[in-house]
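Input: a single structure, listed below in structure tokens.
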Amino acid sequence: LATGPRQNNGIFYEIRTYDIKPAKMKEFLEMVNKNIHFRTAHSELVGFWYTELGAMNKVFHIWKYDNFSHRTAVRHALANDKDWQGKFISVALPLIEKQHNEVAYLVPWCQLGKPPKEGGVYEWVTFQMKPGGPALWGEAFRAAINAHINTGYTRLIGVFHTEYGLLNTVHVLWWNESPDHRAAGRHSAHEDARVVAAVRDSVRFLESQQNALLIPLQCSPLK
């Protein structure tokens, strides 16, 4: 099934999820903060986070590419970068249990945002929607997202729709000042008739949902 409409350019985002060996999480994060510059010399890092709630010993990182030719050129350059291979990859691989990647586009009605200040937390929400793509559930999903935005308790950073990986998956990245601020906002939203109505309409197309609270690394552009 086609993934539906997207923005009128070739830009896409590679979303990488790594499971880190539990005893090696601290070592991995310290290594990334120290040596990520070998990777960002080749392409743009959007953000790098580790999970605090909703999953254990996971990291999420998002990379931006102009098109698939750009990604191919970057991967080729990395394969020939001795610093990257020797000071990052060779150190990181023994610390990682599993890797997963997806390619996703921003939905057409969303631009990648930034938090109003540093020091908050991020929420990564994955929606598995019914097959059919945005032609089936796009309007209802957008209305549900906008209903939450309109409450004012949270800041939308991005809505990503998969192109490679499990299709009909939508990842939504939110920013909040703190976990407590998020909890209070969610409580208020659940009592807002506009939010309740929008969610009831959208959930007709929902198969599953998973949330994770993310903490940005020091090296993350989004933090």
In this structure, OG1 of T169 is separated from CD of Q210 (nearest 0.5 Å) by 11.0 Å

Other residues, nucleotides, ligands: >12 heavy atoms within 6.0 Å of H76 NE2:
no

Start with the C-alpha distance between L112 and Y13, add both sets of side-chain angles, then the distance that settles side chain to side chain contact (heavy atoms under 4.5 Å, CB included), and finish with yes or no.
CA-CA 11 Å; L112 191 63; Y13 299 84; 4.2 Å; yes

Check E27 with K24, please: is the shortest side-chain N to carboxylate O separation under 4.0 Å?
yes

May I ask you to test the I149-T154 pair for a side-chain heavy-atom distance under 4.5 Å?
no

Is there a donor-acceptor contact under 3.5 Å linking the side chains of N101 and Q99?
no

Heavy atoms only: give me the nearest K21-I96 pair and the separation to one decimal.
CE-O, 4.2 Å

Side-chain contact test, heavy atoms from C-beta onward, threshold under 4.5 Å: evaluate it for R71 versus E14 and give yes or no.
yes

Say whether, by atom type as modelled, one donor and one acceptor occur between the side chain of N176 and the main chain of S178 under 3.5 angstrom.
no

Decide if the gap between the ring center of F160 and the ring center of Y105 is smaller than 6.0 angstrom.
no

Taking the side chain as every heavy atom from C-beta outward, state whether Q209 and T126 have any pair of such atoms under 4.5 Å apart.
no

Heavy-atom closest pair (P216 atom, G120 atom, distance to 0.1 Å) is CD-O, 4.1 Å

Once you round to the nearest 0.5 Å, how far does CH2 of W174 lie from CD1 of I145?
4.5 Å

Please report the C-alpha distance between V121 and E177 in whole Å, then the side-chain angles of each, then the deciding distance to 0.1 Å, and finally whether the side chain to side chain contact (heavy atoms under 4.5 Å, CB included) criterion is met.
CA-CA 6 Å; V121 296; E177 290 185 12; over 6 Å; no

Crowding at CZ, R194 (>12 non-hydrogen neighbours, <6.0 Å)
no

For E139, does the CD atom have more than 12 heavy-atom neighbours from other residues, nucleotides or ligands under 6.0 Å away?
no

Transitively linked via ILVMFWY side-chain contacts under 4.5 Å: M56 with L214?
no

Identify whether the distance between the nearest side-chain nitrogen and carboxylate oxygen of K34 and E30 falls below 4.0 Å.
no

Trace of the ring-ring contact (aromatic ring centres under 6.0 Å, His included) decision for W137 with H161
CA-CA 12 Å; W137 43 258; H161 182 207; 5.5 Å; yes

With no hydrogens and no angle check, is any side-chain donor or acceptor of N150 less than 3.5 Å from a backbone partner on N146?
yes

Compute the centroid of each ring, for Y65 and then for F12, and state whether the two points are separated by less than 6.0 Å.
yes

Rounded to the nearest 0.5 Å, the OH atom of Y153 sits from the NE2 atom of H181 at a distance of 9.5 Å

Would you say V203 ends up clustered with V170 if hydrophobic residues are merged whenever their side chains have heavy atoms under 4.5 Å apart, either directly or through other cluster members?
yes

Out of curiosity, L78 CG to H42 NE2, how far, rounded to the nearest 0.5 Å?
5.0 Å

Any sub-3.5 Å donor-acceptor pair from D192's side-chain atoms to S188's backbone N or O?
no

Side chains of W175 and L222, heavy atoms from C-beta outward: is any pair under 4.5 Å?
no

If you round to the nearest 0.5 Å, how far is CD1 of I62 from CG of L173?
6.0 Å

Please say yes or no: joined through hydrophobic side-chain contacts below 4.5 Å, possibly via intermediate residues, are F205 and V196 part of one cluster?
no

Heavy-atom pair of closest approach, residues V125 and N211
CG1-OD1, 3.3 Å

Are M31 and W84 linked, directly or through intermediate hydrophobic residues, by side-chain heavy-atom contacts shorter than 4.5 Å (ILVMFWY only)?
yes

Between I15 and H171, is any pair of side-chain heavy atoms under 4.5 Å apart?
yes

Counting only heavy atoms not in K114 (residues, nucleotides, ligands), do more than 12 fall under 6.0 Å from its NZ?
no

Checking R39 against W63: charged group under 6.0 Å from the ring centre and within 45 degrees of the axis?
yes

How far apart are the closest heavy atoms of V32 and C219, and which atoms are they?
CG1-SG, 3.9 Å

Atom CG in D19, atom OG1 in T51: separation rounded to 0.5 Å?
8.5 Å

Does R75 have more than 12 heavy atoms from other residues, nucleotides or ligands lying within 6.0 Å of its CZ?
yes

Run V199 and H148 through side chain to side chain contact (heavy atoms under 4.5 Å, CB included) and show every step you take.
CA-CA 9 Å; V199 170; H148 284 86; 3.6 Å; yes

Parallel, tilted or perpendicular: ring planes of H61 versus F48, cut at 30 and 60 degrees
parallel

Backbone N/O of K223 and side chain of Y122: donor-acceptor pair under 3.5 Å
yes

Candidate pair N67 and I11, rule side chain to side chain contact (heavy atoms under 4.5 Å, CB included), full reasoning:
CA-CA 5 Å; N67 48 48; I11 293 174; over 6 Å; no

If you compare all heavy atoms of A189 against all heavy atoms of V195, which two are closest, and at what distance to 0.1 Å?
O-CB, 3.5 Å

Indicate, with yes or no, if the rings of F60 and W49 have centres closer together than 6.0 Å.
no

Are any non-hydrogen side-chain atoms of K64 and S43 less than 4.5 angstrom apart?
no

I'd like to check F141 versus V172 (side-chain heavy atoms, cut-off strictly below 4.5 Å). Are they in contact?
yes

So with a 6.0 Å cut-off around CZ of F68, is the heavy-atom count from everything else above 12?
yes

Any side-chain heavy-atom pair from Q128 and L166 closer than 4.5 angstrom?
yes

Residue pair T162 / L167: nearest heavy atoms and the distance that separates them:
OG1-CA, 3.6 Å

